[in-house]
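Here is the structure we will look at, set down as C-alpha cells.
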Amino acid sequence: MKGKISTNVYIEKATHRLKLSNDLVDALMATDRTVTVTIPLRQKEKTTLFLGYRVQHNNYLGPYKGGLRFHPEVNLEEAEVLASLMTWKCALLGLPFGGAKGGLAVDPLSLSAPELEALTRAFVRAIADIIGPDKDVPAPDVGTGAREMGWIKDEFERISGESSPAVVTGKALEDGGSRGRNKATGEGGVAVLANIVNRLGLERENLTVAVQGFGNVGSFLSLGLEREGFKIVAISDVSGAVVHSGGLSARQTYKNMYEAKKELVAMCPCKKGDCSPRECKKLSNKELLEGDVDILIPAALGGQITKENAPKIKAKIVLEMANNPITPEGDAILEKRGVVVVPDILANAGGVTVSYFEWLQNKKEEVWGEKKVLDMLCEKMNKATDKVWQVHKDMKCSLREAAYVVAVKAIAK
Ligand code: NAD
C-alpha cells in the first residue's frame, strides 16, 4: 500500500514528527477496500463495457466520504491517492467522515443523457452494498454534478425501498441538496487565502493572481477573490489562458462563459467589462503556471507542478484548489525555494465541509439558508487554518506538513 499512494510521503513526515509507532503508521497509510466493477451498457448496435471503481481508504472518524469522477482517465491508482486525501481533509476539518473516491472510466460527453443515466444507475446497483448514509457517501467530482447525484439517490432509494437523501451530497436543492454547495469549495479557498495573506502581513490589493481552471472551483473562487480585493491577472481553462496586466474581471469572465457561452481564449474580460480580444495576451496553460504573479492557483487537474517546472514557478504563494496539483518532487523543490504552498487538504476542503452540512440537513430533515451555510463554512475554514498555522510556527515546518500533523493527530489520538 505504502508504495502505491504517492502522497503517503506526507504521512511519513507527519508521523515521524509525531513519533508514532511503525505499525500505526502502516495502518494509517493502508487502504481499507478497493472495489472494481465492470458495467455493460447496451447501446443501439453494440454493448460497451465500462470500468468503475470505489476506493474506501479509512473510516475511523465516520462513514467514508468522497467524490465520483466520470472521466476517461479514471483509474484505481489515482482513486487511491484521492481517497486518502479525503481521509486527511475530513480529519483536518474535524468532520465525522472518513475518505473515499471512485468513478467510471468514461467520457460523459460521448454518451447521450439516457445512456449516461443507465450507466450511472447500473454503477449504483453494482456498489449498492457498500454505500449508504452511514457507510459511504459519494459526492460530485470532475464530470459529475447535481444531475448524476439525483440519479444515484433515486436508484439507491429504489433498491433500499426507503427515502435516503443522505446517501449522496451535492444534490440539486429539490433532491435535498444544500444552499451554498456550488460555491463552497471556492469560498472555502477564499477564506483560507485571506487568512494566510493576513498572517504573512501582505496587502491583498497589491497581490496579483493567476487561476488555472474556471470550472466549479475556479469560477467561484475567482468571484470571491475579486470581491475581497485581490487582483486577478490571468485565468485559464482547457482551451488556454488569457492575461491582462491591468486586471481581469472574474464577473465578466463568468458571464461570458456561462451565460453567453463564449470560449475563454476568444475574449478579453478586462476590468472595464469587455476589452477587444487583442488587448489580452494569450498563453498556454504551461506558460500560465510559470507566469510572473504573486499567487498561483491551480484549480483544474492533478500533477500540474512537477520537478520539471517547479524551479520555474515565480509565484510566492501557491494555493492548491485542485486535488494533488503538485507532485511530491515538485513540492520539495518549492519548499526549498521558500514558496508558501497552501495544501489541498486545507485549501479545497470547503466542498466536503458543506457536503457535511448537506448530510446533516438531510438527517435532521432541516433546510438551512445560504448565509448560515457560508458563515459556518467560513468559521470552519478559519479554525482549520489557524490550527495549521500554529503547528507551522511551533514545529517550523511547511504548511503542508503542519496540515498533515493536525490531520494525523485527529485520527491517531
Ligand atoms: P470542473 O470540471 O467544474 O472544472 C475543471 C476546469 O478545469 C474547467 O475549467 C476545465 O476547462 C479546466 N481544465 C480541464 N483540463 C485542463 C487543462 N489541461 N489545463 C487547464 N485547465 C483545464 O471541475 P471542478 O469541480 O472545478 O474541480 C477542479 C479541481 O478541483 C479538481 O481537481 C477537483 O478534484 C478539485 N476539487 C473539486 C471540488 C468541488 O467541490 N468541485 C472540491 C475539492 C476539490
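Both backbone and side-chain heavy atoms feed into the values below; hydrogens, waters and symmetry mates do not. Atoms within each ligand, like the ligands themselves, are counted from 1 in listed order.
When the options V217, I345, L301, T185 are ranked by their closest heavy atom to atom 17 (C) of ligand 1, first place goes to L301. Residue A299 holds the heavy atom nearest to atom 28 (C) of ligand 1 of all those in G213, A299, G215.
The part of R69 lying near ligand 1 is the side chain, judged by heavy-atom distances below 4.0 Å. With a heavy-atom cut-off of 4.0 Å, R181 touches ligand 1 through its side chain alone. Contacts between D141 and ligand 1, counted as non-hydrogen atom pairs separated by less than 4.0 Å, involve the side chain only. The side chain of N285, and not its backbone, has at least one atom closer than 4.0 Å to an atom of ligand 1 (non-hydrogen atoms only; side chain from C-beta on).
Ring geometry for F214 versus Y258: interplanar angle under 30°, hence parallel rather than tilted (30 to 60°).
The SG atoms of C268 and C280 sit under 2.5 Å apart.
Just one of R179, R181, K153, K171 meets the salt bridge (Lys or Arg N to Asp or Glu O under 4.0 Å) condition when paired with E358; it is K171.
For atom 10 (C) of ligand 1, the nearest non-hydrogen atom of the protein is V238 N, 4.0 Å. Annotation: atom 7 (O) of ligand 1 to nearest protein heavy atom, A300 CB, 3.3 Å. Of the protein's non-hydrogen atoms, D237 C, 3.4 Å is the one closest to atom 21 (N) of ligand 1. Atom 3 (O) of ligand 1 has N216 N, 3.0 Å as its closest protein atom, hydrogens excluded (heavy atom only). The nearest protein atom to atom 2 (O) of ligand 1, hydrogens excluded, is given as V142 CG1, 4.1 Å; this is a heavy-atom distance.
Nearest heavy atom pair, residue G213 against residue A300, reads CA-CB, 4.0 Å.
A side-chain N or O of T169 and one of K65 form a donor-acceptor pair less than 3.5 Å apart.
Geometrically, ligand 1 and N323 share a nitrogen or oxygen pair separated by less than 3.5 Å.
Taking 4.0 Å as the cut-off between side-chain N and carboxylate O, E155 and R121 count as a salt-bridged pair. Here R204 pairs with E228 in a salt bridge; the nearest charged N to carboxylate O distance falls below 4.0 Å.
Applying the 4.0 Å criterion to heavy atoms of F214 picks out, from ligand 1, the atoms 9 (O). Annotation for ligand 1: atoms under 4.0 Å from non-hydrogen atoms of M321 are 30 (O), 35 (C), 44 (C).
Here the CG atom belonging to L399 is positioned 9.5 Å from the CD1 atom belonging to I317, to the nearest 0.5 angstrom.
Aromatic ring centres of Y64 and F97: separated by at least 6.0 Å.
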